[in-house]
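Predicted model, so just to flag it, every value in this text is computed and none were measured. Chain A is the first sequence line, chain B the second, and so forth, proteins listed ahead of strands; every chain is numbered from 1.
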Amino acid sequence: MYGSGHLTELFRVLDLTGVLANATLGGVIARAEKLDPFGFATLAVLSGLGGGIIRDVLLQHGTPVALTDYAYLLTALVGAAISFVIRVQGRAWDRVWPIIDAVALGTWAAAGAAKTLAAGLGWLPAVLLGMITAVGGGVVRDVVLRRIPGVLGGNTLYATCALGAAGVLVLLSTNGHPTVGLVAATIFGAGLCIIARWRGWMLPSA
Amino acid sequence: MYGSGHLTELFRVLDLTGVLANATLGGVIARAEKLDPFGFATLAVLSGLGGGIIRDVLLQHGTPVALTDYAYLLTALVGAAISFVIRVQGRAWDRVWPIIDAVALGTWAAAGAAKTLAAGLGWLPAVLLGMITAVGGGVVRDVVLRRIPGVLGGNTLYATCALGAAGVLVLLSTNGHPTVGLVAATIFGAGLCIIARWRGWMLPSA
Amino acid sequence: MYGSGHLTELFRVLDLTGVLANATLGGVIARAEKLDPFGFATLAVLSGLGGGIIRDVLLQHGTPVALTDYAYLLTALVGAAISFVIRVQGRAWDRVWPIIDAVALGTWAAAGAAKTLAAGLGWLPAVLLGMITAVGGGVVRDVVLRRIPGVLGGNTLYATCALGAAGVLVLLSTNGHPTVGLVAATIFGAGLCIIARWRGWMLPSA
């Protein structure tokens, strides 16, 4: 529906890369909490797939794709396994992680908004569900671990970047440019997130 | 389906007033937690729309109305904005808030039970989902903030009032008086909640 | 669909026994937290029905059976009432509870996996949803009470037993033996859980 075959393929690669990276982060957190392999798998699945599952449950348009498309669950479990076997940390991880995370944020926000529009809903739920797709998994993981979700405050722009990405997607898509919208939204969200982290941009607290 | 046009209109006003007040309360809590604007918006949406969203997700009868009817999300965001800009507190708020909260509780419990019956389900899920509509948003907000939900104990009658309101709605509605039921249920729930707060009525703890 | 009338009947008895026992446990926890009757009912419903409700919400194949089949809600409320009235503890409870809990774990994992297959989904979601059916309620209850869910680590095999039971069900069911699968999966899951508790088997932490 959105874009050519190559673009669809590229998006799938970005999407699953995001799942892998976030699942691995879930595993890193599981290690810090001294959890067992089941705890690693749970946090990996929540971190990597939670946002998309919440989106699909709210959309009420069929079983969440994270359950029906095996690539998602298997990728998340690979992330759990990696972080269980290897001690994922150090300078390389600290350099690569923020970039993959930012790209995943943009990809998920754009894809979530596009899916919501494709389901026949309007711009407002599209923006909301795009944002939820991008940040929902991390929120659920934080809640399960009794942490106040990081997106609620005290960090550099994150949910805001997802909001921006979803907004760009909706704007371009409803004006007849769905393919350009996907690309532009992803780049916008990822770029803003990386710049914000680099420059320390935060929302003002009340 | 339920009642005349005027009544439907009145119910919509009460419903959205409840969303506004609860969303504002979400913002007040966000300020106490020193969250950023996104945190305000999140807590406002959870507090104002969470119960109805949980009800609709459990009903499995289409995308939650809080996502498809724009008035809901926009009202919740207005509540977030109000509490971000204005320091909502003081004597006026302390006097007005309990009353709006009680009316919202009754309205939501009645409307939630009515919607469940309209979806073809029986009295027991109608009572349960009416209650969840009324108290669910506050529970989710509390869980996200790592608080034991207030409805579980230690407060004056609250969930009990929602239970009563939903029960009245089901009783009158299944006996052929859906319109009277909506009005009576809302008044019963709101009245009981206000009296309980005033007289300090609580359930006994075990 | 699965098995003869007698077996269906037996499964229903095991299923509801598990609901009763887990709901009672929810009430026991509510007493420890000094909650009021509404808190007892909430924890009983979450503990006894939460896993099945999550499964049905994720399956997106209609209103959760825990809402439409009255036996479930009523059984959970009976469990809440029992633990509110009687102080459930002591040697008898400590002896009986682990066995009922283990049988419920196996029953729920097997039934959840079977329902997922019956909905037309594949082996991977069947195993996942079987496991979620068995352990999901306890996780939600723990999160509401601000506890790190016990299944994530530090206990004897539990989710692993549900995983095994769901796996056995899928293996036998997709090879043409759904009835044998249900029985074998339940016995396998329950047996493994009991043995693990007795021998202190745990997963290694990272």
Side-chain angles (χ1 to χ4, degrees), chain A residues 53-64 112-113 115-132 134-136 138-164 166 196 201-206, chain B residues 26-46 49-50 52-77 80-89 119 139-148:
Chain A
I53 290 176
I54 296 174
R55 177 200 61 212
D56 289 345
V57 164
L58 289 176
L59 267 183
Q60 301 262 333
H61 276 72
T63 309
K115 182 166 185 180
T116 307
L117 291 178
L121 276 77
W123 68 269
L124 189 54
V127 168
L128 183 73
L129 292 182
M131 210 162 63
I132 288 176
V135 309
V139 169
V140 172
R141 181 199 60 219
D142 287 347
V143 168
V144 168
L145 294 174
R146 300 183 305 181
R147 301 173 173 187
I148 300 253
V151 291
L152 295 183
N155 292 297
T156 56
L157 299 186
Y158 194 75
T160 311
C161 309
L163 175 68
W201 289 349
M202 300 174 71
L203 290 180
S205 64
Chain B
V28 170
I29 295 173
R31 180 183 297 278
E33 298 274 345
K34 299 195 199 315
L35 301 182
D36 68 20
F38 181 77
F40 274 70
T42 304
L43 293 193
V45 167
L46 288 180
L49 307 178
I53 290 175
I54 296 174
R55 176 201 63 213
D56 290 345
V57 164
L58 289 176
L59 267 183
Q60 300 262 333
H61 275 73
T63 310
V65 67
L67 297 183
T68 54
D69 181 339
Y70 283 29
Y72 286 99
L73 262 176
L74 294 175
T75 302
L77 293 176
I82 289 176
S83 56
F84 189 77
V85 173
I86 306 171
R87 192 175 287 271
V88 179
Q89 57 180 24
V139 169
V140 172
R141 181 198 61 220
D142 288 346
V143 167
V144 168
L145 294 173
R146 299 183 305 181
R147 301 173 174 188
I148 299 254

Practice task
Rounded to the nearest 0.5 Å, what's the gap from CG on B:Asp36 to OG1 on A:Thr160? Could you check?
Solution key: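 Answer for the CG-OG1 pair, B:Asp36 versus A:Thr160, is 6.5 Å.
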* Listed by residue number, which members of residues 123-132 of chain A have a heavy atom under 4.5 Å from any heavy atom of chain B? ->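 From residues 123-132 of chain A, the residues near chain B are A:Trp123, A:Leu124, A:Pro125, A:Leu128, A:Leu129, A:Met131.
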Distance-minimising heavy-atom pair for B:Pro37 and A:Pro204: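 Between these two residues, the closest heavy atoms are CD-O, 2.9 Å.
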Please list, one pair per line, the donor and acceptor atoms closer than 3.5 Å that link side chains of residues 55-62 of chain A to other protein atoms, with sequence neighbours excluded.
| from | atom 1 | to | atom 2 | distance (Å) |
| --- | --- | --- | --- | --- |
| A:Asp56 | OD1 | A:Lys115 | NZ | 3.0 |
| A:Asp56 | OD2 | A:Val65 | N | 3.0 |
| A:Asp56 | OD2 | A:Lys115 | NZ | 3.4 |
| A:Gln60 | NE2 | A:Val57 | O | 3.3 |
| A:His61 | ND1 | A:Leu59 | O | 2.8 |

Taking only distance into account, with no hydrogens and no angle test, what donor-acceptor pairs under 3.5 Å do side-chain atoms of residues 142-153 of chain A form with protein atoms, sequence neighbours excluded?
| from | atom 1 | to | atom 2 | distance (Å) |
| --- | --- | --- | --- | --- |
| A:Asp142 | OD2 | A:Gly150 | N | 3.2 |
| A:Arg146 | NH1 | C:Arg146 | O | 3.3 |
| A:Arg147 | NH2 | A:Glu33 | OE2 | 3.1 |

Inset, instruction - For A:Asn155, check side-chain hydrogen bond (donor to acceptor under 3.5 Å, both in side chains) against everything at least two apart and list the hits. - result: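 side-chain hydrogen bond (donor to acceptor under 3.5 Å, both in side chains) check on A:Asn155 returns nothing, list empty.
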